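What you see is a predicted model, and the numbers here were worked out from it, not measured in a lab.
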Protein chains: 4
Amino acid sequence: MDDSDGSGPGTTRRERRIAARREQILQAAAKVFTEKGFHGATTKDIAEAADVAEGTIYNYFENKDALLLALINSLAMLNQREQIMEAGLQQDMSRFFVEHFLDRLQIVSQDMDALAAILPELLARPELREPYFASVVTPAIAMLERHAQARIAHGEIRPLDVPLAVRAFVGMFLGLWMLVALGDPFVQEAWAKPDQVVEKLFDLIMDGIRAKGEES
Amino acid sequence: MDDSDGSGPGTTRRERRIAARREQILQAAAKVFTEKGFHGATTKDIAEAADVAEGTIYNYFENKDALLLALINSLAMLNQREQIMEAGLQQDMSRFFVEHFLDRLQIVSQDMDALAAILPELLARPELREPYFASVVTPAIAMLERHAQARIAHGEIRPLDVPLAVRAFVGMFLGLWMLVALGDPFVQEAWAKPDQVVEKLFDLIMDGIRAKGEES
Amino acid sequence: MDDSDGSGPGTTRRERRIAARREQILQAAAKVFTEKGFHGATTKDIAEAADVAEGTIYNYFENKDALLLALINSLAMLNQREQIMEAGLQQDMSRFFVEHFLDRLQIVSQDMDALAAILPELLARPELREPYFASVVTPAIAMLERHAQARIAHGEIRPLDVPLAVRAFVGMFLGLWMLVALGDPFVQEAWAKPDQVVEKLFDLIMDGIRAKGEES
Amino acid sequence: MDDSDGSGPGTTRRERRIAARREQILQAAAKVFTEKGFHGATTKDIAEAADVAEGTIYNYFENKDALLLALINSLAMLNQREQIMEAGLQQDMSRFFVEHFLDRLQIVSQDMDALAAILPELLARPELREPYFASVVTPAIAMLERHAQARIAHGEIRPLDVPLAVRAFVGMFLGLWMLVALGDPFVQEAWAKPDQVVEKLFDLIMDGIRAKGEES
DNA sequence: TATGAATGAGCATTCATTCAT
DNA sequence: TATGAATGAATGCTCATTCAT
């Protein structure tokens with residue numbers, strides 16, 4: 001009804017205020033979930049962290065579960081980086097891997113704690129798993145499969161079971177992330193100065209662990 | 001109070017009865033945690049599954065958390081298979097990897113659901129992470145590191161950053177397991193007929209993904 | 001603030017606007033109370049039904065209870081039909097009873113649902129009962145008592161305990177109404193084609209149920 | 001498992017303890033509902049009135065609604081007096097009416113307050129009305145209809161529309177009860193010394209209000 | 001006046017834990 | 001030891017009411 005300032009296309013001041021409040025609450029929820037886990041976090045905690053009354057939460061989210069879902073979806077948005085990866089086909093593999101991966105690491109690191117708060121619920125509750133898997137994991141894997149196929153066609157990667165290899169690759173990073181989440185000090189440190197680590201991992205993935213003299 | 005039979009060294013009938021009861025409750029807890037997750041499981045559920053009164057649980061375990069800890073520890077016992085692995089150094093790598101891995105898969109598959117029930121709590125609660133990490137993850141990684149070092153010394157594996165490589169390896173399996181837990185149908189199917197998959201993974205790990213003509 | 005037109009004696013345009021708004025909200029409240037009961041109705045419901053913001057309600061009514069009281073009072077206004085009844089003394093009893101009763105039935109039927117929504121609160125909350133009883137029930141009964149006295153004086157009704165008889169009479173209709181409210185299908189149907197029913201009831205009231213041959 | 005005392009057929013001590021506790025809570029609920037109405041009564045109130053912890057209520061009743069339903073059902077048991085009424089056919093009408101009615105009044109008076117607490121919910125909530133109507137009202141009316149038919153056959157009551165007459169009769173008492181509940185001082189007093197009132201009502205019902213000289 | 005977002009007291013219900021039997 | 005009824009603190013959520021715009 002009131003969009004008299006030119007602040008944005010299709011967003012009134014009211015809509016922006018509402019979106020901001022929603023975000024404020026969502027961030028608070030992410031913070032508290034991260035600190036105490038989903039079950040350990042009370043709506044009171046979240047309200048306090050958001051500097052809002054408890055009831056206000058319910059003006060923006062149906063219930064506590066809806067907060068979790070919204071958080072999952074916001075993490076899912078990381079996926080919109082897909083384009084970069086398609087574009088990455090131009091680069092040679094080493095450079096692409098290193099650059100893209102470092103880039104990705106930056107992003108994931110920030111959300112790692114939030115993910116660690118969400119993952120438990122994801123594992124424990126099938127009804128949350130399906131939408132998450134469909135909207136986050138499936139597209140990411142599909143994109144990597146296309147990427148790998150292109151590299152194979154281009155002769156950079158040898159022909160192999162692409163779905164499995166991609167999942168092994170994705171799994172490796174998921175697993176390394178999990179080691180961090182579980183508190184492994186080695187990976188935690190490595191995560192801190194990632195350039196060398198990423199290079200070494202690239203090496204492992206490209207050439208495997210076999211000694212030179214040996215034959216497969 | 002009663003050790004009049006010679007039934008075992010250091011275990012009276014009473015002690016065995018107690019141990020059996022404890023195990024009965026623990027198995028029930030594992031079952032219920034698996035089905036409903038730690039938070040979804042009530043002590044009432046567990047008592048019913050164990051065919052025991054609610055109060056009886058507290059004669060064997062301090063509280064609900066203690067059940068979780070005991071379960072974590074019992075999963076940690078998988079580690080006692082370590083000897084096999086040390087012995088495995090005699091075998092050539094391919095055979096060792098395949099055999100050991102298939103073996104392991106059998107065990108892990110059985111406990112996978114229980115782990116999926118426990119992991120969320122592990123991730124959410126730092127005070128549980130530390131003992132778990134120390135008693136399960138650290139020894140497993142250390143053992144693999146020793147194993148890898150031996151293989152390097154033996155010239156089967158090329159010299160590399162062993163701690164990182166081992167963690168990448170462990171992470172890969174953790175990550176693949178997580179994809180199963182998250183519901184990825186491809187890995188779930190692959191998990192079902194593991195022989196081929198294991199072989200392909202071995203291949204990937206040994207030789208990497210690089211096309212033959214290329215040079216590192 | 002603005003009474004510049006001569007629109008009515010003592011009512012400015014503003015006052016009329018205010019009264020209209022009040023009525024609009026009150027009707028909405030009646031509707032929602034009827035549908036969901038007093039406790040089931042939220043101020044949000046009422047605001048939506050009145051096509052008004054929630055806060056606006058509080059510009060016209062102190063609180064939710066005040067809405068109920070206003071509704072009670074508006075039902076009490078049915079009482080202003082009293083004059084008709086006094087006038088009814090001219091008619092012979094049968095005609096008066098039938099005509100007046102049918103008339104009344106029309107009115108009551110419309111408000112029956114609203115009454116069913118209000119009555120529960122009336123029964124449950126003493127502080128509401130008193131004003132209602134004083135403003136609605138007492139005058140109605142008093143008027144009927146005068147009417148009955150007149151009929152006795154006129155020789156149409158035999159001398160009897162007027163207060164009791166009137167209450168038995170009033171009670172009978174209240175009770176029949178309650179049977180409808182409780183869902184009795186027989187009375188509900190009878191309510192639908194009232195002419196015959198009213199005649200039969202008149203008969204019962206006038207002559208009782210005793211068989212002709214019998215003596216009191 | 002333990003019925004070693006001869007205290008009752010098929011009731012163990014445990015069962016009796018449980019039944020007693022249930023009754024204790026139910027009585028407390030009746031009391032609190034009566035005082036504050038269903039919505040005004042909190043589970044905390046009920047627990048305090050029953051001298052029990054809040055949680056204990058839920059060991060005996062599913063939820064607050066179940067308390068209400070149990071109360072409704074316990075009032076429905078008044079109906080088991082039916083036999084008396086069938087037997088009452090032996091007595092002459094006047095005596096039967098007076099005796100039975102006085103008897104009934106004693107009972108109803110005691111439960112009147114509880115009924116006043118329940119009725120509002122009955123009126124407001126259709127899902128409660130149906131079972132109540134089916135289990136309490138329908139049988140009572142059916143029984144009175146049979147009774148009336150028998151009296152007609154016996155020549156004590158003139159032929160009339162039995163269903164309507166019975167409902168008018170039932171309605172009259174319901175209505176009088178409601179006037180009491182609404183606080184009418186006259187009926188309240190009359191209720192206190194019922195002998196005369198009952199006789200006068202009998203008179204009204206039997207002979208109607210028509211003056212002797214008049215003709216229908 | 002009208003609005004509707006913010007508020008927070010209040011409530012039904014759950015469930016781990018205790019303890020008398 | 002085993003039992004399971006009793007406990008009551010803790011929690012998610014509702015909704016009448018307020019008040020800044």
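Environment of CD in C:Glu127: crowded, with over 12 heavy atoms of neighbouring residues, nucleotides or ligands closer than 6.0 Å.
Candidate nucleotides F:dG12, F:dT17, F:dT7 were compared by shortest atom distance to the side chain of A:Thr42, and F:dG12 ranks first. For D:Arg21, counting side-chain heavy atoms from C-beta on, the closest listed nucleotide (F:dA6, E:dT7, E:dA2) is F:dA6. Here the nucleotide nearest the side chain of B:Ala53, chosen from F:dT3, F:dC13, F:dT7, is F:dT3. Checked against F:dT3, E:dT1, F:dA16, the side chain of C:Glu54 finds its nearest nucleotide in F:dA16. Closest to the side chain of D:Thr56, out of F:dA6, F:dC15, F:dT3, is F:dA6. The listed nucleotides are F:dG12, E:dT1, F:dT7; the one nearest the side chain of A:Thr43 is F:dG12. Checking E:dT7, F:dA2, F:dA5 against the side-chain heavy atoms of D:Arg14 singles out F:dA5 as nearest. The D:Tyr58 side chain lies nearest to E:dT14 when the options are E:dG4, E:dT14, F:dA2.
Remark: the backbone N or O of A:Ala50 is paired with a side-chain donor or acceptor of A:Gln24 at under 3.5 angstrom. A distance-only check finds no donor-acceptor pair linking the side chain of C:Glu35 to the backbone of C:Val32 [under 3.5 Å].
If you measure from atom CZ of D:Arg13 to atom P of F:dG4, you get 16 Å, rounded to the nearest angstrom. Look at NZ on D:Lys36: it is 11 Å from P on E:dA12, rounded to the nearest Å. Rounding to whole angstrom units, CD1 of residue D:Ile57 and C1' of E:dC15 are separated by 16 Å. Between the CD atom of D:Glu48 and the P atom of E:dA12 there is a distance of 12 Å, given to the nearest Å. Between C:Ile46 atom CD1 and F:dA16 atom P the separation is 8 Å, expressed in whole Å. The nearest whole Å value for the distance from the CG atom in A:Leu67 to the C1' atom in F:dC13 is 13 Å. Here the C1' atom of nucleotide F:dG12 and the NE2 atom of B:His39 are 15 Å apart, to the nearest Å. The distance between atom CZ of D:Arg16 and atom P of F:dA5, rounded to the nearest whole Å, is 16 Å.
Between C:Ile18 and D:Asp65, it is C:Ile18 whose nearest contact on DNA chain E lies nearer the 5' terminus. Each of A:Gly55 and D:Asn59 has a nearest nucleotide on DNA chain E; the 5'-most of these lies closest to A:Gly55.
C:Arg21 CZ to C:Arg17 CZ: the interatomic distance, rounded to the nearest 0.5 Å, is 8.5 Å.
As judged by a 4.0 angstrom heavy-atom cut-off over every strand, B:Ala41 is placed among residues touching the sugar-phosphate backbone only. Residue contacts shown for A:Phe61 are absent, as no nucleic acid heavy atom lies under 4.0 Å away.
Between A:Arg17 and F:dT21, a side-chain N or O to OP1/OP2 separation shorter than 4.0 Å is absent. Checking the phosphate oxygens (OP1, OP2) of E:dA16, a side-chain nitrogen or oxygen of B:Lys64 falls inside 4.0 Å. One finds a side-chain N or O of C:Tyr60 lying less than 4.0 angstrom from the OP1 or OP2 phosphate oxygen of E:dA2.
Under the 6.0 Å distance and 45° angle rule, C:Lys64 does not count as a cation-pi partner of C:Phe33.
Counted by atom type alone, C:Thr42 and C:Asp45 present one or more donor-acceptor pairs between their side chains at under 3.5 Å.
Summarising the base pairing, F:dT21 is matched to E:dA2 through a Watson-Crick or G-U wobble pair whose two defining distances lie under 3.5 Å.
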